[in-house]
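Being a predicted model, the structure only gives us computed values, none of them experimental. When reading the values below, keep in mind they use all heavy atoms of this one structure, side chains included, and skip hydrogens, waters and symmetry mates.
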Amino acid sequence: MDAVGLAGLISGEALRLFGGAEAVIWVYRPDLGRLFCERSGAEPASVAVGGADVELLGLGGVAWEPGCGDVRARLIEASFGLVAERRDGTVLGVPLKRDDSLQGVLLVAGEASLAEEVQEELLAGFARQVAVLLANHSQLQRAESNEAQLQALFETASELSSNLDLETVLTAIVERVQVVAKAPVSYIMLVDEEAGEIAMRVTLGTEHPDFASLRLKLGGGLGGRVAAKRRPFYTSAYLDDDRFDHNPGVDAAVREEGIRSILAAPMSVSQRFVGVLFVADRAVRVFSEAEVGLVASLANHAATAIWNAELYDRARSAFADLARSNAVVQTQNTRLQRAEALHARLSSAVLEGKGLEDIVDLTASVTGGQLLAFDRHHQLIASAGEPGDEFGRRLLASGAADVAKDLPQLPQLLADGDGSTLCLEPSGAFRQNSWLIAPIGAGAVPLGSLWLSLGSAEVDDARPLFDQATRVVALELLKERAVAEVHRRLGRELLDDLLAGHARVDDGMAKRAAEMGVDLDQPHRLVRINLVAQHSPDGTADLGHAPDALVAVLRRQSWCRFAARYSQAVVAVVDGETPDLVEHVRATLNRVSDAHERLKAAITPPCSRLEDYRKFFLAAGRVLELLRGSSRASVVDLGEAWVLSLVFGGEDDGAMASFVEAQLGDLLLHDEQHGLALLETLDAYLQADLSATRTAAALHVHVNTVYYRLQRLRELLGETFTEPRRALDLRVALLAHQTLSR
């Protein structure tokens, strides 16, 4: 049972035997010269007593008057509060003595007749029993505490002596002292000899980060006092204690943590002061002599362990210095070996006809970083490795041109292509890795650039490898440039043949198709991507580098037979049975889309006959033009929407106009004569899934207006105009009308 439980048990028994309203037990601590009272639900209290006070309390057995003006009055006030002076009654003070040695005092408050009703013999016997009980309990606590302290010291000494890492030692110290001292907070401040301060090094049990950054001048504050005098010191009321100088910053941190009691012990070894070990409590607490001794012993063990850890660090540092020279030689040898191995592997890759992607993958696997290759328009053409920072992710998503805007030294470097390599050091959370950037050019003609992301410590090792990769990538880009020029010419000629509307394949056309990997005896599909010109300030239209970049990306896709620019569009030819074509095209467009507008593509149905190529190409163009502003999808598969191909195919608009007239002629005439916007209402009503309420919201009119217009639509189009087949005809007719009206 702890002290609070024992005091409650004795007080309850006293009230049962002698009556009264309230009973309080005060325990005497001669080593501290104070009486202590611990009650459940209340903070511990203490009263200082001298020799004369002890003699006066030892008399006991009489009724105490609240206004007696000595130690008894202080005990009454501390026990029952000032209200005791205003009530009618008395306080019985009973000394608790064992062998004439005062163990404590029992105070019982009750009516005025309490002293007369108590049997003195019973009271004296009860007091002797309580005194023996308190003495035995105190001895038991000391024995348990001594045993725990010895065990803790033994375990701590063994644990600390087995560790030579300083951080491990410091952590073990604060964990151990917190357990043995039964305190919620523990921490260590180490001396900073150059600054003449002690600084917080490690904390346990604190809740606010400011506490972990405290510093004190030697001699200032509680910790500074312990550091200066080299003796343990504790306070039960830190903020109110005037025995040491207070630092406003430290007081604020202590107040924020809610700390009230602090015990500090110096850590010294061989006349060398190391730091201060602290335990703290958020409640008012009196540290016993045994607790002070225990923390002081732990502090001495801690100082020895810290000293050993520092000696170990010095020895390890000396060994590291000896090994460093050998490491430099080994590093140089390793760099040469890695460069030679990469050179051999890259040479083999080039001789085997490996492409740019394989070369970049190979280099990234050797360097261990993220490697990106860009063309002369700063569009990504190959990449390998995972992004190591936000800078790398942005490069992968947006390309080098976007990133170069924020780096003044880059644009000129990339434009010159003079072969010099730039190293970008880490810069905050955005650029956490180092980056090697090398422009690639042929003479004065820039071909692209190579970017490598690495940790700062890896730059020197990777630079020779990076330089080798740059030269190989330059050769590969030169080869691709020559191949691209041939493909551009052959592709344009083949597209001219396919889209001319020929009825049969001649020998020249078949040969050109075969050179591009296309067998015209098999059905193929066209992927048409319309390019919208961006208007410059002078009013001229400029497509920029988008067509060439898009063509280059398409040609590198395994599913694309060939791709070429055709007027204001880019056209790719793919096999008729290519699986997941829509997803492949969408992923490719996402890689090269402009940040301001997503590119859109139309995939034609399979072209089984030669004349289908031109018909479906024109249909795809009309659908893309029509859906450019309204379609959310980046890819439209006309193979899944044959009706669009049928309606918008062909070179003249006669059939489309006839279809519109057949479906919407009466409606168009009515709107022209009466201006009721019935055509607009029909379009909104079909897009709103036949909801009058949503139609009214889309048109910004009252719902009754919609109901009126719907009645007029039924009169003009028939009652069945909302049935699925009829509605489909009307939807297509509306699209056709929009196309003809552009």
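Residues Leu610 and Met509 form a side-chain contact, since some pair of their non-hydrogen atoms from C-beta on lies under 4.5 Å apart. Side-chain contact between Arg709 and Leu699 is present, with at least one heavy-atom pair separated by less than 4.5 Å. Between Thr363 and Leu465 there is no side-chain heavy-atom pair separated by less than 4.5 Å. Residues Leu477 and Ile381 are in side-chain contact: their nearest non-hydrogen atoms beyond the backbone lie under 4.5 Å apart. Residues Leu356 and Val473 form a side-chain contact, since some pair of their non-hydrogen atoms from C-beta on lies under 4.5 Å apart. With contacts defined as side-chain heavy-atom distances shorter than 4.5 Å, the pair Leu589/Arg586 does not qualify. Annotation: side chain of Leu668 is not in contact with side chain of Glu672 (no heavy-atom distance under 4.5 Å). Between Leu495 and Phe562 the shortest side-chain heavy-atom distance falls below 4.5 Å.
In this structure, the separation between CZ on Arg614 and CG on Leu526 is 12.5 Å, given to the nearest 0.5 Å. Rounding to the nearest 0.5 angstrom, the gap separating the CD atom in Glu425 from the CG atom in Asn433 is 11.0 Å. In this structure, CG in Leu475 is found 8.5 Å from CD1 in Ile359, a value given to the nearest 0.5 Å. Distance check: Gln370 CD to Leu395 CG gives 7.0 Å after rounding to the nearest 0.5 Å. The CG atom of Leu499 sits 8.0 Å away from the CG atom of Leu618 when rounded to the nearest 0.5 Å. The distance from atom CZ of Arg525 to atom CG of Asp637, rounded to the nearest 0.5 Å, is 4.5 Å.
Taking all atoms of both residues into account, the shortest heavy-atom contact from Asp612 to Ser608 is OD2-N, 3.3 Å. Contact detail for Val551 and Ala563: the closest heavy-atom pair is CG1-O, 3.7 Å. Counting all heavy atoms, side chain and backbone alike, Trp559 lies closest to Val585 at CH2-CG2, 3.9 Å. Shown here for Thr421 and Ala438, the closest heavy-atom pair between the two residues is OG1-CB, 3.9 Å. Closest non-hydrogen pair, Arg393 versus Pro387, comes out as CG-CB, 3.5 Å.
The ring pair (Phe, Tyr, Trp, His ring centres under 6.0 Å) test applied to Tyr566 returns Phe617, not counting sequence neighbours. Residues satisfying the ring pair (Phe, Tyr, Trp, His ring centres under 6.0 Å) criterion with Phe391, sequence neighbours excluded, are Phe430, Trp435.
At most 12 heavy atoms of other shown residues, nucleotides or ligands fall within 6.0 angstrom of atom CD in Glu577.
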| task | Determine, step by step, whether Leu436 and Cys423 satisfy the side chain to side chain contact (heavy atoms under 4.5 Å, CB included) criterion, reporting the C-alpha distance in whole Å, the side-chain angles of both residues, the deciding distance to 0.1 Å, and the verdict. | result | CA-CA 5 Å; Leu436 291 175; Cys423 181; 3.9 Å; yes
| task | Take Val574 and Ile603, measure what side chain to side chain contact (heavy atoms under 4.5 Å, CB included) needs, and give me the verdict at the end. | result | CA-CA 10 Å; Val574 300; Ile603 304 174; 5.7 Å; no
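Listed for the Asp671 side chain is a donor-acceptor partner under 3.5 Å among the backbone atoms of Leu678. For Arg561 (side chain) and Ala572 (main-chain N/O), no donor-acceptor pair under 3.5 Å exists by modelled atom type. In this structure, the side chain of Ser691 engages the main chain of Arg694 through a donor-acceptor pair within 3.5 Å.
Put simply, the residue from Leu667, Thr722, Leu679 that forms a side chain to side chain contact (heavy atoms under 4.5 Å, CB included) with Leu713 is Leu667. The only option from Leu690, Asp683, Asp689 that meets the side chain to side chain contact (heavy atoms under 4.5 Å, CB included) definition with Gln687 turns out to be Asp683.
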